[in-house]
Amino acid sequence: MSALLSGVPAADGFRMPGEFEPHSGCWIAWPERPDNWRLGAKPAQAAYTEVARAIATSEPVTMAVSDAQFEHARTVLPAEVRLVEISTDDAWIRDMGPTFVVDERGRRRGIDWRFNAWGGLEGGLYFPWDRDDRVAAKVCEIEGADRYRAPIVLEGGSIHVDGEGTLIATEECLLNHNRNPELTREQIEEALRDHLGVEKIVWLGRGVFNDETDGHVDNLACFAAPGKVLLTWSDDASDPQHEISADAADRLEAAADAKGRPLEVVRLPSPGPIEISAEEAAGVDAVAGTLPRRAGDRLAASYANFFLGTKAIVFPLVDERHDDEAAEILRATFPGREVIGVPAREILLGGGNIHCITQQVPAVG
């Protein structure tokens with residue numbers, strides 16, 4: 001049973017742990033909508049299956065699946081992956097699912113952020129999104145976690161924390177008028193402190209170039225440990241990503257975390273540029289009200305968009321020119337974890353990557 005709580009997590013002694021802290025499981029949601037995933041989502045489903053298989057080597061995996069796809073998903077997914085029937089509008093559980101918080105007494109609760117499909121009627125990616133907005137409550141019910149219904153629109157991919165009081169986010173996303181137009185920066189910061197138990201917010205500017213989420217931080221940078229941030233980086237001064245990443249590096253290197261420590265920045269190569277092919281674009285149903293997939297559009301590829309599991313790092317293979325280098329950097333950064341690369345172009349074609357399609361459940365007790 002999951003109770004709807006009043007108050008805010010921080011006042012109740014709860015904090016959001018860093019993703020590098022131990023997990024008790026991971027949630028994923030099954031893709032199927034043909035106006036976002038090409039060829040009836042079959043190639044994407046194959047990619048999601050491999051992601052689930054890889055993460056299952058690290059921790060238990062639960063897949064949220066619609067009734068229409070339940071039997072098919074059960075047939076193709078590994079037996080160790082638990083299936084739960086949940087209705088969704090699409091398959092990005094990082095953003096529509098709950099953000100879990102924990103306390104020193106070994107309790108775990110969920111934050112049910114308000115969801116508007118990355119911008120609502122002003123730039124959102126599809127309509128309606130009401131089923132997605134109910135996913136967090138359903139996941140909390142299944143996990144037996146009491147939940148807070150947050151008063152702001154926010155996606156899980158738009159924040160990263162170090163578990164020790166520091167949060168990174170981009171101005172492009174959190175301050176976008178299509179999320180919480182009535183709130184000031186200071187009011188948004190207050191909501192983040194209240195709900196995540198953070199004290200210091202390090203603001204980056206823009207996210208990865210052409211990111212349709214309005215610049216989620218999880219596609220640009222993430223905490224590898226307290227005091228250490230992995231950052232997407234391009235050496236090519238002619239690439240728009242270079243200026244974005246250079247500005248982020250400047251801000252990170254000039255900042256101190258909540259404990260007063262300087263931040264070490266580890267650079268990950270930026271893939272690509274990678275574009276949608278004519279064949280890939282033609283495989284997506286054209287439907288009014290959803291973001292079109294057009295041949296030649298640049299994809300917001302990033303190696304920072306990986307799943308940081310308890311025992312394994314599962315990262316996207318998206319560019320043969322840089323995949324091996326990214327793997328070596330991740331191995332050096334996380335020496336105690338196995339680094340597993342999964343072909344992820346099909347996920348990228350849908351608008352995100354491995355971190356976007358996963359949501360960890362932190363371990364407690």
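In this chain, residues are counted from 1 in sequence order. Everything quoted here is computed from the prediction, not taken from an experiment.
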Dump the intermediate steps for salt bridge (Lys or Arg N to Asp or Glu O under 4.0 Å) on Arg74 and Glu71, then the final yes or no. CA-CA 5 Å; Arg74 181 69 284 165; Glu71 291 186 13; over 6 Å; no
Charged N to carboxylate O below 4.0 Å: is that the case for [X] and [Y]?
X: Lys228; Y: Asp257; value: no
X: Arg193; Y: Glu189; value: yes
X: Arg331; Y: Glu328; value: yes
X: Glu346; Y: Arg38; value: yes
X: Glu143; Y: Arg82; value: yes
X: Arg131; Y: Asp89; value: yes
X: Asp239; Y: Arg298; value: yes

Residues Thr57, Glu338; criterion side-chain hydrogen bond (donor to acceptor under 3.5 Å, both in side chains); working and verdict: CA-CA 10 Å; Thr57 67; Glu338 181 183 6; 4.6 Å; no
Please step through side chain to side chain contact (heavy atoms under 4.5 Å, CB included) for the pair Phe307 and Arg94, ending with a clear verdict. CA-CA 11 Å; Phe307 181 76; Arg94 173 70 53 181; 4.3 Å; yes
Show the nearest heavy-atom pair for residues Asp146 and Met1, with the distance to one decimal.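 The pair with the smallest heavy-atom distance is OD1-O, 4.1 Å.
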Please report the closest heavy-atom contact between Gly350 and Glu212, naming both atoms and the distance.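 That closest heavy-atom pairing would be O-OE2, 3.7 Å.
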Could you tell me whether the side chains of Thr213 and Asp211 share a donor-acceptor contact shorter than 3.5 Å?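 A pair is found: one side chain offers a donor N or O, the other an acceptor, under 3.5 Å apart.
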Strictly by modelled atom types, are Asp12 and Tyr148 linked by a side-chain donor-acceptor pair under 3.5 Å?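 There is such a pair between these side chains.
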Go through it in stages, so that I can follow the logic: the residues are Leu330 and Tyr303, the test is side chain to side chain contact (heavy atoms under 4.5 Å, CB included), and I'd like the CA-CA distance, side-chain angles, deciding distance and then a yes or no. CA-CA 9 Å; Leu330 292 171; Tyr303 292 115; 5.7 Å; no
Between Lys259, Arg261, Arg15, which is the residue that forms a salt bridge (Lys or Arg N to Asp or Glu O under 4.0 Å) with Glu164?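 Single pass found, and it is Arg261.
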Side chain to side chain contact (heavy atoms under 4.5 Å, CB included) against Glu50, all qualifying residues, sequence neighbours excluded: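 Only Arg53, Val342 meet the side chain to side chain contact (heavy atoms under 4.5 Å, CB included) criterion with Glu50.
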Given Trp37 and Tyr48, is the ring pair (Phe, Tyr, Trp, His ring centres under 6.0 Å) satisfied, shown in steps? CA-CA 12 Å; Trp37 306 100; Tyr48 272 60; 5.8 Å; yes
If you count the non-hydrogen atoms of other residues, nucleotides and ligands that lie under 6.0 Å from CD in Glu171, is the total more than 12?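 Count over threshold, so yes.
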Consider side chain to side chain contact (heavy atoms under 4.5 Å, CB included). Of Val265, Leu220, Leu268, which one does Leu230 pass it with?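 Among Val265, Leu220, Leu268, the one that satisfies the side chain to side chain contact (heavy atoms under 4.5 Å, CB included) with Leu230 is Leu268.
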